[in-house]
Enquirer: 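My questions will all concern the structure given below.
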Amino acid sequence: MIKLDSTEYTKYCDLTKKSWKHAFTTNCYAFALGLDIAERLIKKDAYQPGTLTDHNLNMYFTFEQLIECLTSDLDYLGIDYKEIDPSKKVEIDEWKIALFVQYNPYMGLLSDFHFLRQIDNIWYHKQGYYGLPTNKDSYNNLIIDPVDCYIYGEDYQKTYSLKLKKN
């Protein structure tokens, strides 16, 4: 098992990788963080926001719970983050991720999350644990702006700039 903390994360994080080896053992969250490591090598449900820091999400959750889980993982992994406009340029040592959510009107809560990551001004994502990352939305359009793309059942919420903390 890999103990994925800030020192281990920097060893495994690869944001420039063009091919994705663990297509069926990683999800959109792993892709957004640049972690092409089979989830089972870290811990069960490692690629669910908050699992790395024992802030587990239930089947239904609030937006605030999701953000708390996300930020606790980012802090644990040694990643600085700030909310930004998706069109804002970031520094060479930063990368952008966009957060989408699925709202369940019957429960009044969220039932899913989805992340995109920008690479060379195009947005990419990985649909769950199925297949390779793609730069196409659910209508098969190239994703230039996460605000304007369509990801089936998911609604855009916000964009973050991420940066590895200096040790």
Enquirer: To the nearest 0.5 Å, what is the distance between CD1 on I97 and OH on Y160?
Expert: 7.5 Å
Enquirer: Indicate whether the side chain of D73 and that of T53 have a donor and an acceptor atom separated by less than 3.5 Å.
Expert: yes
Enquirer: Could you check whether any side-chain N or O of D137 sits under 3.5 Å from a backbone N or O of N140, counting only pairs where one atom can act as donor and the other as acceptor?
Expert: yes
Enquirer: Donor-acceptor check, side chain of N104 to backbone of M107, threshold 3.5 angstrom: yes or no?
Expert: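 Pair found, side chain donor or acceptor close to backbone of M107.
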Enquirer: Any idea which heavy atoms bring D36 and S19 closest together, and the distance?
Expert: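 Residues D36 and S19, closest heavy atoms: OD2-O, 4.0 Å.
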Enquirer: Evaluate Y150 against N141 for side-chain contact (heavy atoms from CB on, under 4.5 Å), listing each step before the verdict.
Expert: CA-CA 9 Å; Y150 177 70; N141 294 322; over 6 Å; no
Enquirer: Has D93 got more than 12 heavy atoms of other residues, nucleotides or ligands less than 6.0 Å from its CG?
Expert: yes
Enquirer: For K82, look at atom NZ and say whether over 12 heavy atoms of other residues, nucleotides or ligands are found less than 6.0 Å away.
Expert: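 Counting neighbours around NZ of K82, 12 or fewer heavy atoms of other residues, nucleotides or ligands fall under 6.0 Å, so no.
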Enquirer: Look at the side chain of S138 and the backbone N and O of Y152, then say whether any donor-acceptor pair between them is shorter than 3.5 Å.
Expert: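 Between the backbone of Y152 and the side chain of S138 there is a qualifying donor-acceptor contact (under 3.5 Å).
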Enquirer: Out of curiosity, does F24 fall in the hydrophobic cluster containing Y29 (side-chain heavy atoms, cut-off under 4.5 Å, transitive links)?
Expert: no
Enquirer: Where the side chain of K126 meets the backbone of T26, is there a donor-acceptor pair that is under 3.5 Å apart?
Expert: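 Side chain of K126 to backbone of T26, a donor-acceptor pair under 3.5 Å: yes, one is there.
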Enquirer: Run I84 and V90 through side-chain contact (heavy atoms from CB on, under 4.5 Å) and show every step you take.
Expert: CA-CA 9 Å; I84 63 168; V90 295; 3.8 Å; yes
Enquirer: Do W123 and I144 have side chains that get closer than 4.5 Å, going by heavy atoms?
Expert: no
Enquirer: Could you walk me through whether D80 and K163 satisfy the salt bridge (charged side-chain N to carboxylate O under 4.0 Å, His left out) test, starting with their C-alpha distance in whole Å, then the side-chain angles of each, then the deciding distance to 0.1 Å, before giving a yes or no?
Expert: CA-CA 5 Å; D80 284 327; K163 180 180 180 177; over 6 Å; no
Enquirer: Passes side-chain contact (heavy atoms from CB on, under 4.5 Å), F113 versus C28? Steps please.
Expert: CA-CA 9 Å; F113 59 86; C28 63; 4.1 Å; yes
Enquirer: Would you compute the distance between atom CG of N121 and atom CG of N135 and round it to the nearest 0.5 angstrom?
Expert: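 Result: 12.5 Å between the selected atoms.
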Enquirer: Can you name the nearest heavy-atom pair linking E83 to K158, along with the distance?
Expert: OE1-NZ, 3.2 Å
Enquirer: Could you check whether any side-chain heavy atom of F61 comes within less than 4.5 Å of a side-chain heavy atom of C69, counting everything from C-beta outward?
Expert: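 Of all side-chain heavy-atom pairs linking C69 with F61, none is under 4.5 Å.
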Enquirer: Determine whether L164 and L52 fall in the same hydrophobic cluster, where Ile, Leu, Val, Met, Phe, Trp and Tyr are linked whenever their side-chain heavy atoms lie under 4.5 Å apart.
Expert: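 In one cluster with L164: L52, yes.
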Enquirer: Is a donor on one side and an acceptor on the other found under 3.5 Å between the side chain of Y9 and the backbone of L33?
Expert: yes
Enquirer: If Ile, Leu, Val, Met, Phe, Trp and Tyr residues are connected whenever their side-chain heavy atoms lie under 4.5 Å apart, and connections chain through other members, are F31 and Y129 in the same group?
Expert: no
Enquirer: Contact between F115 and L70 at the side-chain level, heavy atoms closer than 4.5 Å - yes or no?
Expert: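 Answer yes - side chains close enough.
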Enquirer: Looking at A32 and L15, what are the two nearest heavy atoms and their distance?
Expert: O-CD2, 4.3 Å
Enquirer: Could you check if a side-chain atom of L142 sits within less than 4.5 angstrom of a side-chain atom of I122, using non-hydrogen atoms only?
Expert: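 When only atoms from C-beta onward are counted, I122 and L142 do touch, with a gap below 4.5 Å.
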Enquirer: When you group the ILVMFWY residues by side-chain heavy-atom contacts below 4.5 Å and let the links chain together, are L162 and Y12 in the same group?
Expert: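 Linked within one cluster.
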Enquirer: Quick one: are T62 and L110 in side-chain contact, heavy atoms under 4.5 Å?
Expert: no
Enquirer: To the nearest 0.5 Å, how far apart are CD1 in I37 and CG in L4?
Expert: 5.5 Å
Enquirer: What I'd like to find out is whether the side chain of L66 reaches to under 4.5 Å of the side chain of V101, using heavy atoms alone.
Expert: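 Yes, at least one pair of side-chain atoms sits under 4.5 Å.
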Enquirer: Looking only at side chains, do D14 and T16 share a donor and an acceptor under 3.5 Å apart?
Expert: yes
Enquirer: Among D155, L99, I151, find the one that has a side chain to side chain contact (heavy atoms under 4.5 Å, CB included) with H114.
Expert: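 For H114, the side chain to side chain contact (heavy atoms under 4.5 Å, CB included) check succeeds only for I151.
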Enquirer: Would you indicate whether the side-chain heavy atoms of L116 and I143 approach each other to under 4.5 Å?
Expert: yes
Enquirer: Counting distance only, does the side-chain N/O of H125 pair as donor-acceptor with the main-chain N or O of K136 below 3.5 Å?
Expert: yes
Enquirer: Give me the atom names and distance for the closest heavy-atom approach of A98 to P146.
Expert: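 Between these two residues, the closest heavy atoms are CB-CB, 3.8 Å.
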Enquirer: Search all heavy atoms of W20 against all heavy atoms of P133 and return the closest pair with its distance.
Expert: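 Closest heavy-atom pair between W20 and P133: CB-CD, 3.5 Å.
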Enquirer: Under the criterion side-chain contact (heavy atoms from CB on, under 4.5 Å), I'd like the reasoning laid out for Q48 against L57: C-alpha separation, chi angles, the key distance, then a yes or no.
Expert: CA-CA 8 Å; Q48 303 302 307; L57 290 173; 5.8 Å; no
Enquirer: Quick check against the 3.5 Å criterion: does Y76 have a side-chain atom that pairs as donor or acceptor with the backbone of I79?
Expert: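 Not confirmed, Y76 side chain does not pair with I79 backbone.
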Enquirer: Quick check: do K44 and E39 have side-chain heavy atoms less than 4.5 Å from each other?
Expert: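 The answer is no, as the side chains (C-beta and beyond) never meet within the 4.5 Å cut-off.
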Enquirer: Report yes or no: does E94 contribute a side-chain atom to a donor-acceptor pair with the main-chain N or O of S161 at less than 3.5 Å?
Expert: no
Enquirer: Verify whether one side chain among Y124 and Q118 offers a donor that lies under 3.5 Å from an acceptor in the other.
Expert: no
Enquirer: Are L41 and Y47 joined in one hydrophobic group, where the rule is that I, L, V, M, F, W and Y side chains link up if heavy atoms are under 4.5 Å apart?
Expert: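 Result: yes, single cluster for both.
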Enquirer: Within the distance-only criterion (no hydrogens, no angle test), does the side chain of R117 pair as donor or acceptor with the backbone N or O of K96 below 3.5 angstrom?
Expert: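 No.
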Enquirer: So how far is it from Y106 OH to S111 OG, rounded to the nearest 0.5 Å?
Expert: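 Spacing of OH (Y106) from OG (S111) equals 11.5 Å.
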